[in-house]
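Below is one structure, written out as C-alpha cells; comments come after it.
Letters A, B, ... mirror the listed sequences (proteins, then strands); counts begin at 1.
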Amino acid sequence: MEVQRPRGTRDFLPDEMEKRRQVENILREVAEKWGYGEIKTPTFEHIELFTLKSGEGILDEIYNFKDKGDREIALRPELTAPVIRMYVEGLQRSPKPLKFYYFDNCFRYERPQKGRFREFFQFGIEIIGSARPEADAEVIALAVEMLKSVGIAGDLHVGHLGIARALLKDISSEHQSKIMRFVDKKDDKGLEEFLDEIGSPDEMRGKLFRLIGLHGINAVPEARSLIGDNEAISQFETLLELLEVYELEYQVDLGIARGLDYYTGMVFEIYCEGLGAQNQVCGGGSYRLAQLFGGEDIPSTGYAIGFDRVMEICNVKPAMKKRVVVVSFDDTRREAIVIAKRLREHVHAYVDVMGRKFKDQISYANTIGASHVVIVGRNELDAGKIALKDMSTGEQELVTVEEAAGRLASFNQV
RNA sequence: GCCUGGGUGGGGUAGCUGGUUAUCCUAUGGGACUGUGGAUCCUACGACUCGGGUUCGAAUCCCGACCCGGGCCCCA
C-alpha cells in the first residue's frame, strides 16, 4: 500500500501555490498599510494555553502529544491565544496599541468537509491595548478591506455581547455562558427550556428574546428602551457611527455570541456565498485573555480570516509567467548553461536536463508554454550570436546574448 | 460522534443483472522525423482503495476499515 497524506491535509502544487502566495501577499500588504506588523509564533505550544482559553472540552479537537521531556504539547488550533501569550510573556510594557498580523497553519482534529481541513490556514490580526469603539471599528473595517482586496464582498454582521450580558447581570456567569450558547445557535426552544430550568423571571425572558431578535438600524434605540442606557449600548452606538464613517454596509445582530466566554464586547462575522455549510470567512471580536495567561488585564480586539475559504471564492488570477527555454545541442550544452544564467537576470529561463534532442527541447518549450526559445547552436555561436525565437509567431532572429536579454526583459514588462 | 452519496492506471472513463488477457481517451518516458514546436505513428509505463466473506469463479454481491464529497454536531 502506498503511503498517503493524513486525512484532512493537502498538498499544494506550483500552480495553486502561486495563487495562494499571491492572495497572501495582497492581504499582507493591506495589513501593513494599516500599520500592522507581522508576527510568528511556534507551531506547537503547551496545551494549557488552549485549555485555559477554551476549556477542557476542546481536547477532543486538538492534536496533542507528550514530548520526550514529558511535556504535554499541542499543535496550535488557532492563533489568538499564542499571540496573547506572546504579549504577556514579553510585551506588557511596550507602547500601546500593539498591532499585529499573522498568517499560519493551524490544526484541528475534526471531520473534514468542504472548507474544513485538519491542517488549515488563518490570516488574522490583533490589536492590543484599546477597548474603545475606534479600535473595534478599525478592526472591522480592516477585515472588510482585506476581503475586498481579493475581490470578496461578504455579509457583515455586527453585535455586542455586553448588551445581552447587561440584561443577564444577575444570573451566574456559568448560566450566562449557557444562555449565550443557545443564543449563538439560534436555538430558541433549547433556550426556553433552559430558562424554565433555572427559573428565570418572565419579564427578563421576554426582554431577552426581543433583544436577540433585534436587527437593523433601530436595534440600538430599541435595546436602550428595553434595558435602559448602559455603557455597552453607548459603546455599540459609537461603533456603528464609526462604521458609517468607514462607509461599511453591515447588519446589526445582537444574537451573535461566537460561542465563547472570553469575548467581552463587540463581535462580528462575515459570511459568503459559494462555500457550502462552512460559509463564514471571517470572525472576531473584542476580548480579554491576558489575565488568564498570567498577565495584567488588557483589552484586545482581533479576527481571523479562513484563508482556505478565501481561496475557494476569491478571484485573484496569477500573472502569466514569462518563460524562456534555452535550447542547445550536445556540443553547446555548456554555453547554454552560461547563457541561461545571464537571461535569468530578467526572465525564468530553462535549460534541458533530460539529454533531449534539439527538436524535443523545442517541443518541451511548447508544452510548458514558453513565450520564447533561445537557440544556442554552433553556427550561431561562431557568429557571436544566438537565435531568439518567438513561440507565438514562430519568427526568429539572430541577436547577441545582450540583445536577447534586453528584448526579453522588455517583453517581460508587458 | 451522527446521517448520506461515492472510490477502476497520474487525470478522465467503459465494464458493475458475477465468467477468458479489464475498455477507451488523455498525460508521462523512449523512439520514428538525424538544427526548429503543437500533428501522426510505434513503444514503454501504469488501475479494480484495503481486509474479510459468499462462490467453482468477485472490479461486479455482502460486511468492515480507510479515503473523498454533501449535510448535522462543533467551529476557539
Side-chain angles (χ1 to χ4, degrees), chain A residues 1-11 13 45 47 49-62 74-84 106-118 120 122 124 126 181 184-185 187 190 256-263 267 269 271 275-285 287 289 292 302-304 306 308-309 325 327-332 354-381 386-398:
Chain A
M1 189 55 204
E2 119 190 358
V3 179
Q4 344 176 282
R5 62 178 176 267
R7 180 168 202 197
T9 63
R10 293 158 293 165
D11 298 313
L13 297 163
E45 298 266 3
I47 199 165
L49 182 64
F50 304 110
T51 52
L52 274 174
K53 168 170 178 267
S54 309
E56 299 286 327
I58 57 153
L59 282 175
D60 289 344
E61 293 171 3
I62 280 187
L75 300 184
R76 59 174 170 229
E78 48 112 9
L79 282 152
T80 299
V83 170
I84 300 304
C106 299
F107 309 84
R108 293 182 193 176
Y109 193 84
E110 297 183 289
R111 192 191 175 291
Q113 257 182 56
K114 187 178 178 67
R116 174 187 282 183
F117 306 93
R118 288 185 170 178
F120 60 98
Q122 287 195 332
E126 308 288 343
R181 210 157 268 260
D184 194 46
K185 282 189 229 169
D187 181 359
I256 302 177
R258 293 202 52 73
L260 270 233
D261 298 342
Y262 63 85
Y263 281 105
V267 283
E269 298 177 339
Y271 303 94
L275 285 169
Q278 312 298 325
N279 64 344
Q280 188 185 319
V281 288
C282 177
Y287 57 90
L289 275 174
L292 205 53
Y303 62 79
D308 303 289
R309 293 177 191 172
V325 173
V327 173
S328 59
F329 301 87
D330 282 337
D331 60 345
T332 60
M354 295 286 284
R356 283 195 173 109
K357 285 178 287 190
F358 178 76
K359 185 168 182 174
D360 291 329
Q361 291 182 47
I362 292 183
S363 179
Y364 172 73
N366 189 53
T367 62
I368 66 165
S371 63
H372 291 80
V373 159
V374 164
I375 296 167
V376 182
R378 200 76 274 159
N379 300 344
E380 288 84 356
L381 288 178
I386 55 175
L388 179 62
K389 180 183 173 83
D390 183 322
M391 289 298 277
S392 57
T393 65
E395 289 167 18
Q396 83 183 52
E397 53 189 322
L398 268 183

Quick one: which protein N/O atoms are closer than 3.5 Å to N/O atoms of nucleotides 1-9 of chain B? Pair and distance per line, please.
| unit_1 | atom_1 | unit_2 | atom_2 | d |
| --- | --- | --- | --- | --- |
| C2(B) | N4 | R111(A) | NE | 3.3 |

Rounded interatomic separation in angstrom, taking CG from D60(A) and P from C75(B):
12 Å

Pairwise C1' distance for G69(B) and C56(B), with rounding to whole Å
39 Å

Where do G302(A) and E126(A) come nearest, in terms of heavy atoms and distance?
CA-OE1, 3.3 Å

Residue whose closest nucleotide on RNA chain B lies nearer the 5' end, F107(A) versus R5(A)
R5(A)

Interatomic distance, I368(A) atom CD1 to M391(A) atom CE [nearest 0.5 angstrom]
9.0 Å

Measure CG/L275(A) against P/G71(B) and give the value in whole Å, please.
10 Å

Candidates R118(A), R116(A), R10(A), K114(A) - the one meeting salt bridge (charged side-chain N to carboxylate O under 4.0 Å, His left out) with D308(A):
R10(A)

Taking the C1' atom in each of U26(B) and G38(B), what is the distance between them to the nearest angstrom?
15 Å

Calculate the interatomic distance between R10(A) atom CZ and G69(B) atom C1'; express it in whole Å.
15 Å

If you measure from the P atom in C45(B) to the same atom in G29(B), how many Å do you get, rounded?
16 Å

Report which part of the nucleic acid G284(A) touches: base, sugar-phosphate, or nothing (heavy-atom distance under 4.0 Å, all strands).
nothing

Euclidean distance for C1', A65(B) against G6(B) (whole angstrom):
16 Å

Identify whether any heavy atom of E61(A) sits under 4.0 Å from a base atom; if not, whether one sits that close to sugar-phosphate; answer base, sugar-phosphate or nothing.
base

In whole angstrom, what separates L79(A)'s CG from C75(B)'s P?
18 Å

Rounding to 0.5 Å, atoms CD (Q396(A)) and NE2 (H372(A)) come to a distance of 11.5 Å

Return the CD1 to CD distance between I375(A) and Q361(A), rounded to the nearest 0.5 Å.
10.0 Å

Between G15(B) and C41(B) - C1' atom distance, rounded Å
29 Å

Is the phosphate of G69(B) approached by K114(A) (side-chain N or O, under 4.0 Å from OP1 or OP2)?
no

Classify the angle between the aromatic ring planes of F329(A) and F358(A) as parallel (below 30°), tilted (30 to 60°) or perpendicular (above 60°).
parallel

How long is the gap from CZ on R309(A) to CD on Q280(A), to the nearest 0.5 Å?
7.0 Å

Measure the spacing between CZ of F120(A) and CZ of R108(A) and express it to the nearest 0.5 Å.
4.0 Å

Round to the nearest Å and state the distance from D11(A) atom CG to C67(B) atom P.
15 Å

Counting only side-chain nitrogens and oxygens, does R356(A) get under 4.0 Å of the OP1 or OP2 atom of U28(B)?
no

Taking the C1' atom of each, how far is U34(B) from U23(B), in whole Å?
38 Å

Heavy atoms only: give me the nearest C106(A)-Q122(A) pair and the separation to one decimal.
SG-OE1, 4.0 Å

Can you measure D360(A) atom CG to G29(B) atom P for me and round it to whole angstrom units?
9 Å

Looking at D331(A), is its backbone amide N or carbonyl O close enough to the side chain of R378(A) to form a donor-acceptor pair, meaning the two atoms are under 3.5 Å apart?
yes

Rounded to whole angstrom, note down the C1' distance from G10(B) over to A32(B).
26 Å

Dot-bracket notation for RNA chain B, counting Watson-Crick and G-U pairs under 3.5 Å, with | for partners on another strand:
(((((((..(((......[....))).(((((.......)))))....(((((..]....))))))))))))....

Roughly, in whole Å, what's the span from CZ in R108(A) to P in C73(B)?
17 Å

When every nucleotide of nucleotides 35-47 of chain B is labelled 5' to 3' by its protein contacts under 4.0 Å (heavy atoms), B for base, S for sugar-phosphate only, - for none, what sequence of letters results?
BBBB---------

Kindly give the heavy-atom pair with the smallest separation between I47(A) and A74(A), and that separation in Å.
CG1-CB, 3.8 Å

Donor-acceptor pair, distance only, cut-off 3.5 Å: does the side chain of E110(A) make one with the backbone of E61(A)?
no

To the nearest 0.5 Å, how far apart are CZ in R356(A) and CE in M354(A)?
4.5 Å

Please report the distance, rounded to the nearest Å, between CZ in F117(A) and C1' in G69(B).
11 Å

Determine the Euclidean distance between corresponding C1' atoms of G19(B) and G31(B); express it in Å to zero decimal places.
39 Å

